[in-house]
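Beneath this line is the structure, given in structure tokens, with notes to follow.
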There are 2 protein chains.
Amino acid sequence: MSEFAPLPLAPAYRQVAAVITERICSRALREGERLPPETELARQLGVNRSTVREALRELECSGLIERRPGSKRMTVSRPRHGEVARDVSRALALHDVTFLEVWEALRHFEPPIAATAAAAHTAADLERLVDAHNLFAGENRATELAVRHTAEYFRALGAATHNQVLALVHEPLIQLLEPSLRAMIDEVPQARARIGAAQQRITQAVGARDAATASAWMARHIRDFRTGYELAGIDLGHRIG
Amino acid sequence: MSEFAPLPLAPAYRQVAAVITERICSRALREGERLPPETELARQLGVNRSTVREALRELECSGLIERRPGSKRMTVSRPRHGEVARDVSRALALHDVTFLEVWEALRHFEPPIAATAAAAHTAADLERLVDAHNLFAGENRATELAVRHTAEYFRALGAATHNQVLALVHEPLIQLLEPSLRAMIDEVPQARARIGAAQQRITQAVGARDAATASAWMARHIRDFRTGYELAGIDLGHRIG
DNA sequence: ATTGTATGATTGTCCGACAATTGTTAAGAC
DNA sequence: GTCTTAACAATTGTCGGACAATCATACAAT
């Protein structure tokens, strides 16, 4: 006699969330479209409004629905890259990823991203890159701003690839880089200068559509981060956060 | 008299979710620990149980809490990689990513992952890789199984890197690869043979801890996918899903 | 040691209610 | 006719209470 597989019993709120999710993912409900009122959804699905509301909270946190600012009704939306990446970062942080793991990912992924950006960028992308670099170079005191401008530089590079997969996969790495960068940038005196110099070389290569040079300088840039961690006495095997 | 800045008032259910999230991320609540009962949470936070429940649905969908199978109380948990990746894949699909974008990411990311796996794998990792390859090679008919075994092969490779960042960032790519693979594998007669051959070479190189060869064969493997798409008449610029 | 029974705790779902805010419509002003 | 304003309806956020089903636990029976 074969064993019984456990029955997949889902509570009503989960089933409600599932059917609405399906409608959104299959594009039956399009972005910007307003959802029916909660009472109407409850009537159609034959459940209580409380149950509908629990389901809506799930969709809301998945980024599949949102409230337009200053509005009451929920509208269908596409998950924002920043928030998806935040969830990924949080998951990785809770799984005790180490500085070394993040750095290794950066080492592998950033050079091709820089190369792709060099090949695919537009004038506007380049301008954003230059702006980010200038903001970083112009800020010699505040740690927090320097960190944020560094992140913005990487982010601009990701956007310049015009590849959503690259950009979205890239974003959690940036977010995970920030804490170690924050811990390092004041401990290592030459850090700002080296970051600024690398940014300038990379920007120049991107502007010249020189993918190989952009990639090479990015590789050096990432190596520098590791050197900086070691100079700052950060334990590379320690978890982030 | 200065103007009043608009107060950032969030609904109660969001604030409740925020404070519990904070407790979990700061490790004040540890994994496996049981949350207080809903009524108790409602009492402590001074809100209604319905409000607490809406907040719990958010945490549940974020993977921060879960119900142990066959249990009632919710326990603190760490987001599962598979589910985080599923959210990323869904977000990318809703943002109309194209085959080409996914392929380009694979092209950049898979070779270093293969190289890292070659350097970092254990005996168990290699066994999983071999198993996945054998399952693929032994399945000559069912499309669905072939697709799943291909995905499992990539997944095993990601696990063999022993780098959570690489593995988690890798997973959405695998999930996004599946539909196009499913569409291609039956259209292109030689696809199975070429995938199988590449897997064998890669497995061999990983087993020999030969990172360069593993990377090179993976690069060829990924190029083959693109060739397969073109042979199958898939429009590379068309969105996935 | 396993099976059955009793009891309390907890969740899933429902119902109804109400204040606050938003959306809509009708009346009035120019 | 168009714009403003006032009244009204619709919708959400939150609350309180209710109840059945299920889970946890302790205890008795075989």
Side-chain angles (χ1 to χ4, degrees), chain A residues 1 3-21 23-24 29-77, chain B residues 4-21 23-24 29-77:
Chain A
M1 182 157 97
E3 275 189 29
F4 286 104
L7 291 174
L9 301 170
Y13 63 78
R14 181 162 298 289
Q15 296 184 47
V16 169
V19 299
I20 301 179
T21 297
R23 287 274 180 110
I24 295 176
L29 286 169
R30 277 167 309 181
E31 186 189 5
E33 204 166 329
R34 286 191 309 186
L35 278 182
E38 295 168 352
T39 50
E40 177 62 16
L41 278 173
R43 192 191 61 75
Q44 291 182 22
L45 295 166
V47 297
N48 192 270
R49 186 163 83 99
S50 308
T51 304
V52 169
R53 281 181 65 81
E54 291 190 32
L56 291 184
R57 292 297 83 78
E58 277 193 24
L59 300 188
E60 192 179 13
C61 132
S62 298
L64 262 38
I65 62 176
E66 68 178 358
R67 212 183 326 283
R68 293 270 170 78
S71 176
K72 195 166 274 239
R73 296 279 288 274
M74 305 279 279
T75 61
V76 177
S77 70
Chain B
F4 287 104
L7 291 174
L9 24 108
Y13 62 79
R14 183 161 297 289
Q15 296 184 46
V16 170
V19 299
I20 302 179
T21 298
R23 287 276 178 107
I24 295 176
L29 286 169
R30 278 168 307 181
E31 186 190 5
E33 203 167 332
R34 287 192 307 185
L35 280 182
E38 295 169 352
T39 49
E40 177 61 16
L41 276 174
R43 193 192 61 75
Q44 290 182 23
L45 295 166
V47 297
N48 192 271
R49 186 164 81 102
S50 309
T51 304
V52 169
R53 283 182 63 82
E54 291 189 32
L56 292 184
R57 292 298 83 77
E58 276 193 25
L59 300 189
E60 192 180 12
C61 129
S62 298
L64 262 39
I65 61 177
E66 68 177 358
R67 219 182 332 280
R68 292 271 173 77
S71 174
K72 198 165 271 243
R73 296 278 288 273
M74 305 280 280
T75 62
V76 177
S77 70

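Throughout, a chain's letter reflects where its sequence line sits, starting with A, and its residues are numbered from 1.
Enclosure of atom CZ in A:Arg68 is not indicated, since only 12 or fewer non-hydrogen atoms of other residues, nucleotides or ligands lie within 6.0 angstrom.
Contact between the side-chain N/O atoms of B:Arg67 and the OP1/OP2 oxygens of C:dG12 is found at a separation under 4.0 Å. The shortest distance between the side-chain N/O atoms of B:Ser71 and the OP1/OP2 oxygens of D:dA24 is below 4.0 Å. Regarding contacts with the backbone of D:dG13, a side-chain N or O of A:Arg53 is found under 4.0 angstrom from either OP1 or OP2. One finds a side-chain N or O of A:Thr51 lying less than 4.0 angstrom from the OP1 or OP2 phosphate oxygen of C:dC14.
Residue A:Arg49 places a side-chain atom within donor-acceptor reach of the base of D:dG13, judged by atom type and a 3.5 Å distance cut-off alone. One donor-acceptor pair, N or O on each side, does fall under 3.5 Å between the base of C:dT10 and the side chain of B:Lys72.
Using modelled atom types, one side-chain atom of B:Ser77 and one backbone atom of B:Gly63 make a donor-acceptor pair closer than 3.5 Å.
Residues B:Arg34 and B:Ser50 each lie close to DNA chain D; by heavy-atom proximity, the contact nearer the 5' end of the strand is made by B:Ser50.
Side-chain proximity of B:Asn48 to the nucleotides C:dC15, D:dG13, D:dG16 is greatest for D:dG16. Residue A:Val47 places its side chain closer to C:dC14 than to any other of D:dT14, C:dC14, C:dT11. Residue B:Tyr13 has its side chain nearest to D:dT14 when only C:dC15, C:dT11, D:dT14 are considered.
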Margin query: For B:Glu60 and B:Arg57: C-alpha separation, side-chain torsions, deciding distance, then whether salt bridge (charged side-chain N to carboxylate O under 4.0 Å, His left out) applies.
Written below: CA-CA 5 Å; B:Glu60 192 180 12; B:Arg57 292 298 83 77; 2.7 Å; yes

